[in-house]
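So that the names make sense, note that chain A is the first sequence line, chain B the second, and so on, each numbered from 1.
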Amino acid sequence: MAREIAKAYEPQQIEPRWAEYWVAEALFRADAAAPGPVFSIVIPPPNVTGSLHIGHMLDHTEIDILTRWHRMRGFNTLYLPGTDHAGISTQRVVVRQLAEQGVDYRALGREEFERRVWKWKEESGGTITRQMRQIGETCDWSREKFTLSPELSRVVREVFVRLYEEGLIYRAHYLVNWCPSCLTALSDLETVHEERQGHLWHIRYPVVGTNEYLMVATTRPETMLGDTGVAVHPEDARYKHLVGKNVRLPLMNREIPIVADAMVDREFGTGAVKVTPAHDPNDFECGRRHGLAEIDVMTDDGHMNAAAGAYAGLERFEARQRVVADLKAQGLLEKITDHSHAIALCERCKTVVEPRASTQWFCKMKPLAEPAIAAVERGEIRIVPDNRREEYFHWMRNIRDWVISRQLWWGHRIPAWHCGDCKEVTVARETPAKCSKCGSAKIAQDSDVLDTWFSSALWPFSTLGWPEETLDFKKYYPTSVLVTAYDILFFWVARMIMMGLHFTDQVPFRAVYLHSLVRTADGEKMSKSKGTGLDPVALNQQYGTDAMRFCLASMAAPGTDIVLSEDRLASARNFANKIWNAARFLFVNFDRFEQGGARIEELASPDVRLGAPYATGGAVALADAWIFSRLAGTTELVNEALANYRFHEAAQGVYQFFWGDFCDWYIEWVKPDLQNADGDRAVVAWKNLFAAFEAALRLLHPFMPFLTEELWHQLPQRAGAKSIALDQYPEALPKWVDVAAEKHFELLQEVIVALRNVRAEMKLDPRKKIAAEFSSAAGVIRDLVERDREAILRLAILSELNISSEKLVSSGGTLRSTAQFDVRVAFAEAVDMVAELARLRKEKDRLERDIEDKTKRLADETFRSRAPERIVRGLETTLVERRIEYAKVNDRLGQLEQGG
RNA sequence: GGGCGACUAGCUCAGUUGGUUAGAGCGCUCCCCUCACACGGGAGAGGUCAAAGGUUCAAGUCCUUUGUCGCCCACCA
């Protein structure tokens, strides 16, 4: 029957209490005028993070861990939160809705606000693009009501105008990706490709004035309605005689020329290509080379237009069927073959993208990319992990001009005005009164907005007051690190680097840490636009935000993606509970010690932070020396790991220390010392226990901020102590490292484990104390055991322990041996001979194999001469130990087999 | 068509520059509601590191090939 659980850690009781506190007090306020080292960090803008999905919670988790870590190490930390972005996130919409009801979203509290956002997101469905259009139609929210902060708008205009004046932004008629559902142009990055099984239709185009046909192959037959030529390869003998002639375009009854162009691949299809300049990138270029007309046969929403003749009004895929049917009826369809190819889909709505010629604004990328490549090559920006560097280079070296105009509802309007009279364009920082070319007052602002990533690219400096030389800008630019998921390396990171370098002549950040994506159990990427996220609010309530954070951190090994499992979350929750209960143990004892003379001020003494553990009469107890040595090791590990963005190593190191060392061994070890309320040792033990625990809390704080903050406040603190987040992060103290203590303590652990092992094998009742014998040839080891005899008796549940140097015999008991010592429990009736023999034989086999392997390697002269001495010596030592173990096992096996 | 990553215990995953008996969490087996904690304690079992070659004194780790899965990039109609 399980005991009633009344002492479990309840995250919801403490986490909300501290939420406001740390945000306001501890972390996000940075003072540019303050002295000291700087750590500044950029977080993704809200259209990226959404903040609600676990996938992007990793951003916040890792950023917050880093931020807290730096803050505690005395850095003047700036964390640039993304609140002012061109994109309209669901959050922004909800903020707006609340504002219309006269509610300040901040007053709702974080949880309630997130719940509402989540709800709205689920109820409204679809993409925000479409949601916004609906809103625009049903209420008076106009684009202007979504006006972004004036500061950011000013920066965006400034940048746009400068780039335009430098000739890097231009307006052109060009072929772009068009989404017929979102009704906007898209950059290449905003499309996704999907391999689909399609067809290749072979169509006969009659050559005018002959009986010949020219056969073309196409995957999109409906575009033939916009054909204005047919191209063949200039060297192609099959068609050479036809170049210069015309074909009659079927269905449209239009004569179009046959041209020779090297773009044609003679091997593919029929070697003749229909040219549709308005609907295909290759054809567009080809059409320009040969002066062919562009005929756009579609409407914005993917229907055929008047230029499609009889097919006008049909939806594009319907038109495809009709075109094919009609060609077939006219006997012009030669054949249909299967053809699988990757088609481009709109990233947001998954509609098939239509390549289409249209007039858009573009940004020239080559001149911006070159310095950005160089900066990473020179190491001015470190990209972690390394392999992402190569991806970055590959993309940057093959970069193409960027379509920056979008026909969307919101965002930064393009600061360009079209003249109704002279049709010229005026680009300006401030709204002009008249056309700069002809002076006409009939001007209207371009209706397009900028790609949301355009303003995102300016984030690192637009948030710091650029173009003014503000104190913030001077102090915090470049930022220290950018943390984000690798999926927006090109969208965002690369563009920030380009824009940062172009406008400030400095890199925008010194390091880019690209973390994994969180995937669902099916391996799908968790993302808000796909709706595949788990609900972090629900999970947080179930397991606690600290558990969630710790779990994410402990799984965040760079390079691979994370599959979030409830098992791991539960494990992290259990860890939180473990800490909670360890703290309870301390609190229970605390009162007694206060009465026993230990003063709060003493406990909070800084001595232990600087030097060695507290000592009794000048001597540090072994267990104390050991735990502080382990603490020092863990501290070094955690600091080192965080410095290299190895969050999982840091988290796992803290976990191991806290649970495996501190709780499992140290607390158990010192318990009796604490029971004894009067006496020097009791006070010292308590002080050390407190000091180690307190240091561990600080070490753990970035990973479990709420829990550690709460517990830290319940521990005695110096007057005026405000928050653990403002306290000092443990730095590795060389004085604490005690190699001998670690080695000695480990030996005692081995002795205890060996004895427990024997007990378990005998299936002894844990309450039953038994007598045991200990034997070692080494006096040092016997002394060690002697000195901590009490602890061994208690932890191995022994009635007595006889220590000697005599060889132990196995008859009438069970023996455990290591190279250093033997332990024996005399309890004949409980010995399971069969199991014991099986165990020993297995052990013997293993040792035999190991000894053979090592002997062979050591006998190898090449090994001895080439391997480092450290390795050879280590192997020799181990071999000696193995031989002792083998002799002991063999000996015992012989006794058992004989004795029966 | 290019490029990248993964394949390690039943499951989910660690394992930085090659080096002494390959680790964790969950699950499993056995014993325990022992006065911080059953979201716990104690003790175990469990892996020829996807396959085959190679380099090396030494390979989970480096190279080559193969297989399976996943991802990114790509204007072949």
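Remark: A/Asp227 CG to A/Leu249 CG distance equals 5.5 Å, nearest 0.5 Å.
Heavy atoms of A/Arg400 sit under 4.0 angstrom from at least one base atom. Residue-level contact check: A/Ala572 touches neither bases nor backbone, having no heavy atom under 4.0 Å from any strand. Using a 4.0 Å heavy-atom cutoff across all strands shown, A/Pro868 reaches at least one base atom of the nucleic acid. Base contact: A/Arg573 has a heavy atom under 4.0 Å from a base atom. Note on A/His279: nothing from the nucleic acid sits closer than 4.0 angstrom, heavy atoms only. In this structure, A/Asn282 reaches the bases: a heavy-atom distance under 4.0 Å links it to at least one base atom across the strands shown. Using a 4.0 Å heavy-atom distance criterion, A/Tyr655 is classed as a sugar-phosphate-only contact. In this structure, A/Gln656 reaches neither bases nor backbone, as no heavy-atom distance under 4.0 Å exists between it and the strands shown. Nucleic acid contact for A/Arg873: none, since no nucleic acid atom lies under 4.0 Å from a heavy atom of the residue. Across all strands, A/Trp659 comes closer than 4.0 Å only to sugar-phosphate atoms, never to a base (heavy-atom distances). Among the atoms of the strands shown, none is found under 4.0 Å from any heavy atom of A/Asp765. Note on A/Val753: only backbone sugar-phosphate atoms sit closer than 4.0 angstrom, heavy atoms only; bases stay farther off. Within the nucleic acid shown, A/Asp567 comes within 4.0 Å of sugar-phosphate atoms alone, with no base atom in reach, counting heavy atoms only. A/Asp265 comes within contact range of at least one nucleobase, with a heavy-atom separation under 4.0 Å.
Annotation: B/rC31 and B/rA45 have their C1' atoms spaced 15 Å apart (nearest Å). Rounded to whole Å, the P atom of B/rU55 lies 39 Å from the corresponding atom of B/rC72. Across B/rG46 and B/rC4, the matching P atoms stand 39 Å from one another, rounded to whole Å. With both ends at atom P, the span from B/rC62 to B/rG15 equals 12 Å, rounded to whole Å. Taking the C1' atom of each, B/rU16 and B/rC11 are spaced 27 Å apart, rounded to whole Å. Comparing the C1' positions of B/rA74 and B/rU56 gives a spacing of 40 Å, expressed to the nearest Å. B/rU20 and B/rG60 have their P atoms separated by 10 Å, given to the nearest Å.
Nucleotide B/rC73 is matched to B/rG1 when pairs are restricted to Watson-Crick or G-U wobble geometry with both distances under 3.5 angstrom. B/rG53: Watson-Crick or G-U partner is B/rC63, with both key distances under 3.5 Å.
With hydrogens and angles disregarded, no donor-acceptor distance shorter than 3.5 Å links the side chain of A/Arg883 to the backbone of A/Thr878. Between the side chain of A/Arg573 and the backbone N or O of A/Gly544 there is no donor-acceptor pair closer than 3.5 Å.
Of the candidate nucleotides B/rA14, B/rU20, B/rA36, B/rA14 has the atom nearest to the side chain of A/His648. The listed nucleotides are B/rA43, B/rC37, B/rA45; the one nearest the side chain of A/Lys578 is B/rC37. Relative to the side chain of A/Phe585, the nucleotides B/rA36, B/rA77, B/rA24 differ in distance, and B/rA36 lies closest. Closest approach to the A/Asn757 side chain among B/rC73, B/rC31, B/rG44 is made by B/rG44 (side chain taken as heavy atoms from C-beta onward). Minimum atom distance to the side chain of A/Ala557 is reached by B/rA14, of the listed B/rA14, B/rG41, B/rG44. Looking at the side chain of A/Asp664, the nearest of the listed nucleotides B/rA36, B/rG42, B/rC4 is B/rG42. Comparing B/rG25, B/rG42, B/rA77 against the side chain of A/Ser571 picks out B/rG25 as the nearest.
Judged by a 6.0 Å distance limit and a 45° cone about the ring axis, A/Arg756 is positioned over the six-membered ring of A/Trp665.
A donor and an acceptor atom never sit less than 3.5 Å apart when one is taken from the side chain of A/Lys763 and the other from the base of B/rA43.
For the pair A/Asn574 CG and B/rG40 P, the interatomic distance rounds to 4 Å; values are reported in whole Å. If you measure from atom CZ of A/Phe393 to atom C1' of B/rG2, you get 19 Å, rounded to the nearest angstrom. Atom-to-atom, CE of A/Met762 to P of B/rG44 comes out at 14 Å; the value is rounded to the nearest Å.
Between A/Phe550 and A/Tyr543, the distance separating the two ring centers is not shorter than 6.0 angstrom. Checked against the 6.0 Å centroid criterion, the rings of A/Phe703 and A/Tyr655 do not qualify as a close aromatic pair.
With A/Tyr886 as the fixed residue, the side chain to side chain donor-acceptor pair (under 3.5 Å) test singles out one of A/Glu848, A/Glu843, A/Arg846: A/Glu848.
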